Every structure is written in C-alpha cells, then in structure tokens.
Trainee: 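Structure incoming, see below.
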Amino acid sequence: MKSDTPSFELRGVGQARAGRTVLEDVSAAIPRHVMTVLSGPSGGGKTSLLRLLNRLDDPVRGDILYDDRPIAEYTVTELRRRIALVFQTPVMFPGTVSDNLAVAAELAGVQDGQFDELAREVMLLAELDPSLLERPGGELSVGQKQRVNLARALMTSPEVLLLDEPTSALDPETAGALMKTIGSLSENGQLTIIVATHRVAETEQYAHHALVLRDGRLVENRDSQATTENERNR
Amino acid sequence: MNGTAEMQRIDVLDQPILNLTWIDLTVAVGLVLIAIGISRWHRTGLARSFAVGAIRTVLQLTIIGYLLVYIFAIDQWYLVVGALLLMLVIASKAAVDRQDSKRAGLFGITGVALLVGSGLTLIYVSVMVVHVDPWYNPRYLIPLFGMILGNAMNAAALAADRLAGEMETRRDEIEAYLALGASSVRAAQEPVRRALRAALIPTLNSLMVVGIVSLPGMMTGQIIAGSDPLVAIRYQIVVMFTLASAVALAAVIVVLGFRRTFFTDAEQLRPKDG
C-alpha cells in the first residue's frame with residue numbers, strides 16, 4: 001500500500017450508544033505511518049471513534065475503509081491484530097507481565113522459540129525494564145501497567161496503534177515520558193498511530209495530523225501544528 | 001443388585017413399614033411453626049414465606065403423590081414421557097426465573113441443557129445400570145429423573161447466574177482480549193471457567209461428604225421403606241455418579257450456549273442486557 005493513500009477513510013460515520021447520538025456525519029482521511037491526534041472535550045466522541053476503528057463496535061451509519069477496503073470485509077480477529085487498541089484504563093490479564101505478553105503472542109501466532117526475544121524487544125520499545133517480565137501484573141504502578149498494555153499491543157506487530165487517553169491516569173511527568181515513548185514509535189515510519197487525548201500539548205511535537213471532535217461532530221481536520229495553535233488560543 | 005448374601009440381610013430388617021397418617025403430618029406442622037416462630041422473632045421477613053412454603057409443600061407433594069398413583073396404575077409409556085417433559089419445562093422455567101439477567105434465549109438454552117444433561121444420563125442409568133423393565137417403568141424413571149433434574153436445574157441456574165455476573169464484572173478484561181484479536185471464546189474463557197466451577201463445586205462437595213456428613217434423601221427413604229442398606233447404598237452410588245454427569249452436562253451446555261448471547265456475530269461484546 002502506498003504511503004500517500006490514507007490508512008483510514010471515514011465516510012459520513014454516525015454512531016449511537018444507549019439511544020444517544022455520539023458521532024454524527026464524521027468524514028475524514030487518516031494518514032498512514034504518522035501520528036494523528038484526536039482531541040476535543042470529554043464526551044465529544046473520541047473513544048467511540050477509536051472503538052469503531054478496531055471494530056469493537058460498528059457504526060449505525062456511514063462507512064469506514066482501512067487500506068481502501070471496508071473494515072467489515074476483513075476477518076474481525078485479523079483486523080484487530082493489525083489495528084491494536086490500548087484502553088484508557090490499563091487492563092492486566094491474570095499472571096505476570098510475561099503471561100500478559102504471551103496472550104498477545106499466542107493470538108499473533110508467534111512461535112515459542114521467538115517469544116523471549118520478541119517480548120524483550122517490545123518491553124524495550126515500551127521503555128520497560130525487561131527484568132519486570134516475571135513480575136505479577138498486579139504489583140505494577142498505573143504507569144507501568146499502561147506501558148505493559150502498550151507492549152502487549154505491540155506483540156501482535158500491528159500496522160496501526162490506537163491509544164485512548166493513554167496518559168489520563170498519569171502524573172504530568174510520567175505522562176510526558178509515555179508520550180515520548182509513543183512519539184518515538186511513530187518516528188520509525190512504519191506505524192500509524194492515532195492518539196485520543198485532551199492533553200493536546202503533550203502530543204504537539206509528535207503529531208503530524210489532528211482531528212477535533214466536539215459533540216460527536218468533526219470540527220477540525222488539519223495538520224497538527226495549526227490545530228495545536230488553534231486549541232491553545234481557546 | 002440381587003446378590004444372595006446381601007438379600008439375607010433384609011431378614012434382619014424384616015420389620016413392618018411405619019405408615020404415616022394425616023394426623024401424624026398435622027403434628028409435623030409443629031416443626032414448621034418453630035421455623036416461622038424464629039423468623040418472626042428476629043423479623044427476618046420470612047415468616048409468611050415459610051407458611052406459604054409449607055402449604056405449597058403439602059399441596060404439591062399431595063398432587064404429585066396422586067399423580068404418581070395414577071401414572072403407575074395406567075402404566076403407559078406416553079404418560080411417563082409426558083410427565084418427564086412436563087417436569088423438564090417446569091425445571092427450565094424455574095432455573096430461568098432465578099436469574100437477574102433476562103437475556104433472550106436463556107429459556108431455550110436451559111431447556112436444551114436440562115434435556116440433554118438429564119435426558120442422556122437418565123437413559124444411560126436406566127438402560128445400562130439399573131436395567132429398568134419395561135423401559136418406561138414409571139416407578140424408576142420418574143423418581144430418578146426428578147433427582148437428576150433437580151440437581152441439573154440448580155447447576156444450570158448457578159452456572160448462568162455466575163456467567164452473567166462474571167461477564168459484567170470482567171467487561172474491560174473481555175474487551176481487552178477482543179481488542180487484541182482474540183475470539184469471543186478466548187475472551188470469555190475465564191468467566192466460563194468460573195461459572196463452571198461455581199456450578200460443579202456443590203456436586204463435588206456432596207461426592208466428598210456423602211455418607212459422612214449427609215445421608216441422601218433417596219437412600220434414607222429406601223432404608224425407612226424397608227430396603228437393605230447395602231441395596232440402598234448401591235442405588236445411592238449410582239445416583240451420585242449420575243448427578244455428577246447430569247450436572248456437568250447441563251452446566252457446560254448452559255454456559256456455552258449462554259456465552260454466545262453476550263457477543264455479536266462480529267465478536268463484539270453486547271451492551272449490558274442488550
């Protein structure tokens with residue numbers, strides 16, 4: 001797939017939850033192999049949009065294309081391995097950090113012989129000390145859990161990484177460090193990253209593209225520098 | 001079941017069966033009054049329910065007693081099968097009525113679970129173990145099915161209730177599995193495991209303590225009715241094994257069938273009670 005074709009294309013996407021409209025007529029192209037920041041006030045529809053891209057939900061209206069194909073045409077489990085989603089609140093599976101990575105490795109079909117090397121690699125990518133691999137997940141700090149969730153998502157070697165408010169539960173220093181890690185992931189030029197956040201300033205130096213959602217509507221869709229200036233001035 | 005050495009023991013127990021009159025039963029009401037009295041004393045709010053329960057016990061058992069007399073007297077296979085099916089429908093409804101979760105399809109899933117779980121084990125035990133003759137002999141089939149069904153019903157209700165609870169409390173974990181590309185089967189593995197454990201542990205416990213802590217109703221009933229205790233324990237052993245099978249089958253069918261209702265065809269977790 002050429003890098004100038006968008007990763008995702010949204011065409012008139014609408015979504016409702018519990019009878020309430022949460023996204024309305026959203027149309028946008030999300031560029032490939034760069035970081036896109038998805039911002040806007042709480043309840044604006046950021047999480048709902050990310051869930052549609054990973055197909056945890058389906059839209060009530062409109063079409064979503066990934067690599068020029070409607071996402072409903074992909075096998076859903078296959079699609080989710082290619083488009084990984086990291087939730088706002090980190091979720092640890094039972095067992096150690098290694099057990100958590102092993103779940104993703106099993107789903108991605110990683111060979112047993114390759115697991116140790118890959119686990120170490122994703123731990124380093126998520127800027128976690130590989131010595132934590134044998135630590136029970138429940139003993140980690142929230143920041144470490146969020147990084148383990150990031151490492152676990154990377155185990156499936158995704159093409160797209162969706163991050164839902166990854167820093168919202170973290171103090172500013174830890175949040176800044178995590179965003180730096182995410183920024184460095186986008187700089188290798190292989191990964192499409194979409195970060196939903198209300199802390200736009202944290203992402204400005206890494207994001208290439210920006211979308212702003214308010215009350216379920218897309219109110220801005222432009223290059224990130226311009227958008228951050230605009231957001232700041234509000 | 002008819003070894004001669006064991007049969008001789010019946011002579012030891014060759015005593016007349018003590019029949020209970022309606023007057024005896026009236027005296028027994030005093031025992032329920034104790035429970036009602038304690039409930040009122042501590043204002044548990046259960047006194048009235050105890051009274052209603054006692055009346056229902058008398059009415060229901062009286063009706064079933066006369067019904068059994070009728071079915072035994074007519075001795076026709078279709079009456080026996082009809083009675084078994086009626087028991088099945090009532091048990092399925094009772095299991096579903098105990099659920100907080102009112103998901104569509106639970107009645108059908110429970111019905112299939114109880115039919116397969118109880119039905120298969122009843123056929124196995126009546127044909128292969130007890131050698132019931134004729135095959136529909138109501139004196140054996142109806143009490144056996146009643147015991148099997150009662151236990152399977154409890155297991156099905158426990159399993160469904162626990163599964164619904166686990167699916168709700170573990171929503172985030174289940175979605176985290178799905179988001180990684182896990183199938184719904186993989187994502188719900190832990191809730192399924194816990195629901196099955198919850199359903200199977202009471203039966204496992206009863207296998208562990210039977211004869212030590214508890215003497216089962218059927219066995220005591222047989223002994224009071226004049227059977228040799230060694231015959232009664234053999235029946236009880238068969239019943240215990242039968243219950244283990246019926247409970248496991250009913251629980252696994254309910255859990256696997258019910259699990260499907262929590263997910264869409266696109267492996268998405270449905271909203272609560274959606």
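All values reported here derive from a predicted model rather than from experimental measurement.
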Trainee: Could you look at A/Pro94 and say if it's the side chain, the backbone, both or neither that has a heavy atom under 4.5 Å from chain B?
Mentor: side chain

Trainee: Where on A/Asp58 is there a heavy atom nearer than 4.5 Å to chain B: the side chain, the backbone, both, or neither?
Mentor: both

Trainee: Say whether A/Glu127 and A/Thr181, considering side chains only, have a donor N or O and an acceptor N or O under 3.5 Å apart.
Mentor: yes

Trainee: Measuring heavy-atom distances to chain A, does B/Arg186 have an atom under 4.5 Å in its side chain, in its backbone, in both, or in neither?
Mentor: side chain

Trainee: Ignoring hydrogens and angles, tell me if any N or O in the side chain of A/Glu139 forms a donor-acceptor pair with the backbone of A/Pro136 under 3.5 Å.
Mentor: no

Trainee: Where does A/Glu106 contact chain B at under 4.5 Å (heavy atoms): side chain, backbone, both or neither?
Mentor: side chain

Trainee: Pick one of side chain, backbone, both or neither for A/Arg152, based on which atoms fall under 4.5 Å of a heavy atom in chain B.
Mentor: both

Trainee: Closest heavy-atom contact between A/Phe93 and B/Glu173?
Mentor: CE2-O, 3.8 Å

Trainee: Under 4.5 Å from any heavy atom of chain B, what part of A/Leu85 do you find: side chain, backbone, both or neither?
Mentor: both

Trainee: Quick check for you: among B/Asp172, B/Leu178, B/Leu180, which has the greatest number of heavy-atom pairs under 4.5 Å with chain A?
Mentor: B/Leu180

Trainee: Is a donor on one side and an acceptor on the other found under 3.5 Å between the side chain of A/Lys46 and the backbone of A/Gly40?
Mentor: yes

Trainee: OG/B/Ser118 to CG/B/Asn151 distance, rounded to the nearest 0.5 angstrom?
Mentor: 9.0 Å

Trainee: Name the member of A/Asn54, A/Leu56, A/Val86 that forms the most heavy-atom pairs with chain B at distances under 4.5 Å.
Mentor: A/Leu56

Trainee: Determine the option with the most heavy-atom pairs under 4.5 angstrom with chain B, choosing from A/Asp57, A/Leu162, A/Thr75.
Mentor: A/Asp57

Trainee: How close do A/Glu165 and A/Thr197 get, counting heavy atoms only, and between which atoms?
Mentor: OE1-CA, 3.5 Å

Trainee: Any side-chain donor-acceptor pair under 3.5 Å between A/Tyr66 and A/Glu159?
Mentor: yes

